[in-house]
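Comments concern the structure below.
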Amino acid sequence: MDQDNRPRNKVGWTTIGNQVPPTLAGGGVDATEIRVWRDGMRVRIEEPDGTVVLLCDGTTCWRFRPNRDLPLAAPVETLQFRGNGTDLLARRPAAHWVGDDFTHPVGQIATTLFLDRPAWTFELAPPPHKSHPMQMVVDQATGLVLQQRSDGAGLVEEWVELTVGEVFDDALFVWNGAADSAEDERRRQLAEHHDRRAQRLDWFRTHVTAEPLQVAVVADVNVDYVHTFDEHTGAFEASLGRQMITGSLARRPRSSQPWELRWAGPVHRWSTADFDWAVALHDTELPVESLATLQTRLHPGVPVLDPSDGI
């Protein structure tokens, strides 16, 4: 089966409009162990074999992607320490302690040594929709989480080696070669999406039918909401329909003045002796016969005037 794949980046983030997707520190990493150098927002992440996954120089991030010749460049503001254990690279922000998703300690807070560093160890209660608590080990000197695990679920993320206070060469965090921009990536994804769509349509036309599929349907266009109405003149404006087919309906006292409705799509206008009427269905053609039926329902027994008739 050929499954549909929406445009997305290599860490599974679907691109929407002009949104720049986040640069996830752990995105696209298949290894269960990574090497990290970090100095503030300057970051270098490698796989154990030395393959560079991510570089950030404090201004720009470069994400190196499988099967891509060039890394993807993005502003450092898009960097998020998430995925594949990279949560351990940053202290938990205060917002993460709001709510009930592993935010409430249970039992006593104890001291311990982890990687020969003094640390606190404690347990966090699970939220109602999860079964097992989380065990935490926090470095006393830096506030970094050295280990977080769920013994009940058999999951663990931890530092296996930690050195604090080293001075790094600036070149460690910089990429001087060519790179794709977010706009380059967006154009590539859009082109792939259009190509995939065309291929699927070609398959349907070849294996099913190339005939136009146009059918008449019965639609519920009952009034859903009356936005405005006037007790004295009988004027109103309302929304039609609630599901797949929606639209707008309005009337005003008969007038020769312009009537600006600002509706999208084709607007059908007509007049009776006392009122001007207008209707529009969004993204849907309203056949002549259906319009006549609607007019009969809206003002039974009152004829539609010829457009050439004056007021």
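Computed from a prediction, not measured in an experiment: that's the story for all the values here.
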Of all heavy-atom pairs linking T23 and C61, the shortest is CG2-CB, 4.1 Å
Side chain T284, main chain L281, donor-acceptor under 3.5 Å: no
Under 4.0 Å between a side-chain nitrogen and a carboxylate oxygen: does that hold for D101 and K130? yes
How far apart are the C-alpha atoms of T111 and W120, what are their side-chain angles, what is the distance that settles it, and do they pass the side chain to side chain contact (heavy atoms under 4.5 Å, CB included) test? CA-CA 4 Å; T111 58; W120 294 292; 4.0 Å; yes
What I want to check is whether the side chains of S271 and D276 have a donor and an acceptor closer together than 3.5 Å. yes
Looking at CG of L55 and CD1 of I45, how far apart are the two atoms once the value is rounded to the nearest 0.5 Å? 9.5 Å
For a 4.5 angstrom cut-off between non-hydrogen side-chain atoms, does L124 reach P105? yes
Salt bridge D57-R42, side-chain N to carboxylate O under 4.0 Å: no
Could you tell me whether a side-chain N or O of R252 sits under 3.5 Å from a main-chain N or O of R254, the two making a donor and an acceptor? no
Could you report the tightest heavy-atom contact between P71 and A178, atom names first, then the distance? CD-O, 3.5 Å
Neighbour count above 12 (heavy atom, 6.0 Å) for D195 CG: yes
Any idea which heavy atoms bring L146 and A119 closest together, and the distance? CD1-CB, 4.2 Å
Separation of E123 CD from D151 CG (nearest 0.5 Å): 7.5 Å
Ring pair (Phe, Tyr, Trp, His ring centres under 6.0 Å) against H227, all qualifying residues, sequence neighbours excluded: Y225
Smallest heavy-atom separation, P128 atom then D100 atom, equals CD-OD2, 3.3 Å
Please table the atom pairs, donor to acceptor, closer than 3.5 Å between any side-chain atom in residues 285-300 and protein atoms at least two apart or in another chain.
residue: T293; atom: OG1; partner: E289; partner atom: O; Å: 3.1
residue: T296; atom: OG1; partner: A292; partner atom: O; Å: 3.0
residue: H299; atom: ND1; partner: Q295; partner atom: O; Å: 3.4
residue: H299; atom: ND1; partner: V302; partner atom: O; Å: 2.9
residue: H299; atom: NE2; partner: W270; partner atom: NE1; Å: 3.0

Do you reckon M136 sits in the same ILVMFWY cluster as L88, going by side-chain contacts under 4.5 Å, direct or chained? yes
Check the hydrophobic clustering (I, L, V, M, F, W, Y; side-chain heavy atoms under 4.5 Å; chains of links allowed) and say if V221 and L249 are grouped together. yes
Would you find a donor on one side and an acceptor on the other, under 3.5 Å apart, between the side chain of S239 and the backbone of V226? no
Any chance you could lay out the side chain to side chain contact (heavy atoms under 4.5 Å, CB included) test for V76 and T60, step after step, and finish with the verdict? CA-CA 5 Å; V76 71; T60 304; over 6 Å; no
Could you walk me through whether E185 and R65 pass salt bridge (Lys or Arg N to Asp or Glu O under 4.0 Å), step by step? CA-CA 12 Å; E185 182 70 4; R65 304 160 294 172; 2.8 Å; yes
Does any non-hydrogen side-chain atom of Q189 lie less than 4.5 Å from one of H193? no
Does a side-chain heavy-atom distance below 4.5 Å link P118 with L113? yes
In Å and rounded to the nearest 0.5 Å, what is the OG1 to CE distance from T59 to M41? 10.5 Å
Report yes or no: does R38 contribute a side-chain atom to a donor-acceptor pair with the main-chain N or O of L89 at less than 3.5 Å? yes
Check: P126 and H132 side chains under 4.5 Å, non-hydrogen atoms: no
What one should report as the nearest heavy-atom pair of S150 and P133 is OG-O, 3.5 Å
Please report the interatomic distance OG1(T112) to CZ(R117), rounded to the nearest 0.5 Å. 13.5 Å
Using a 6.0 Å cut-off, check whether atom CZ of R269 has over 12 heavy atoms from anything other than its own residue. yes
Name the residue from L54, I34, V52, V36 that meets the side chain to side chain contact (heavy atoms under 4.5 Å, CB included) definition with E46. V52
Hey, are the side chains of L172 and W37 touching, using non-hydrogen atoms and a 4.5 Å cut-off? yes
Nearest heavy-atom approach of H282 to S248 is NE2-OG, 3.6 Å
Return a table of donor-acceptor pairs under 3.5 angstrom between the side chains of residues 228-237 and protein atoms on other chains or two or more places apart.
residue: D230; atom: OD1; partner: H232; partner atom: N; Å: 2.8
residue: D230; atom: OD1; partner: T233; partner atom: N; Å: 3.1
residue: T233; atom: OG1; partner: A235; partner atom: N; Å: 3.2
residue: E237; atom: OE2; partner: W263; partner atom: NE1; Å: 3.0

For the pair D87 and R92, find out whether any cationic side-chain nitrogen is under 4.0 Å from an anionic carboxylate oxygen. no
When rounded to the nearest 0.5 angstrom, what distance separates OG1 in T78 from CD in Q80? 8.0 Å
Applying a strict under-4.5 Å side-chain criterion to I, L, V, M, F, W and Y, I'd like to know whether V267 and L305 cluster together. no
With rounding to the nearest 0.5 angstrom, report the CZ to CD distance, F114 to Q140. 14.0 Å
Hey, does V223 have a side-chain heavy atom less than 4.5 Å from the side chain of L240? yes
Are any of the side-chain nitrogens in R186 or D184 under 4.0 Å away from the carboxylate oxygens of its partner? no
Pairwise ring pair (Phe, Tyr, Trp, His ring centres under 6.0 Å) hits with a residue in residues 73-104, at least two apart: none
Given side chains that start at C-beta, do those of T142 and V164 come closer than 4.5 Å, heavy atoms only? yes
Between D49 and T51: side-chain donor-acceptor atoms closer than 3.5 Å: yes
Throw together a table of side-chain donor-acceptor distances under 3.5 angstrom for residues 155-162, partners on residues two or more places apart or in other chains.
residue: E157; atom: OE1; partner: Q148; partner atom: NE2; Å: 2.8
residue: E157; atom: OE2; partner: G85; partner atom: N; Å: 3.4
residue: E158; atom: OE1; partner: Q147; partner atom: NE2; Å: 2.6
residue: W159; atom: NE1; partner: V145; partner atom: O; Å: 3.3

For a quick test of your reading: what N or O donor-acceptor pairs under 3.5 Å do the side chains of residues 205-213 make, sequence neighbours left out?
residue: T206; atom: OG1; partner: D202; partner atom: O; Å: 2.9
residue: H207; atom: ND1; partner: W203; partner atom: O; Å: 3.0
residue: H207; atom: ND1; partner: W203; partner atom: NE1; Å: 3.3
residue: T209; atom: OG1; partner: E211; partner atom: N; Å: 3.0

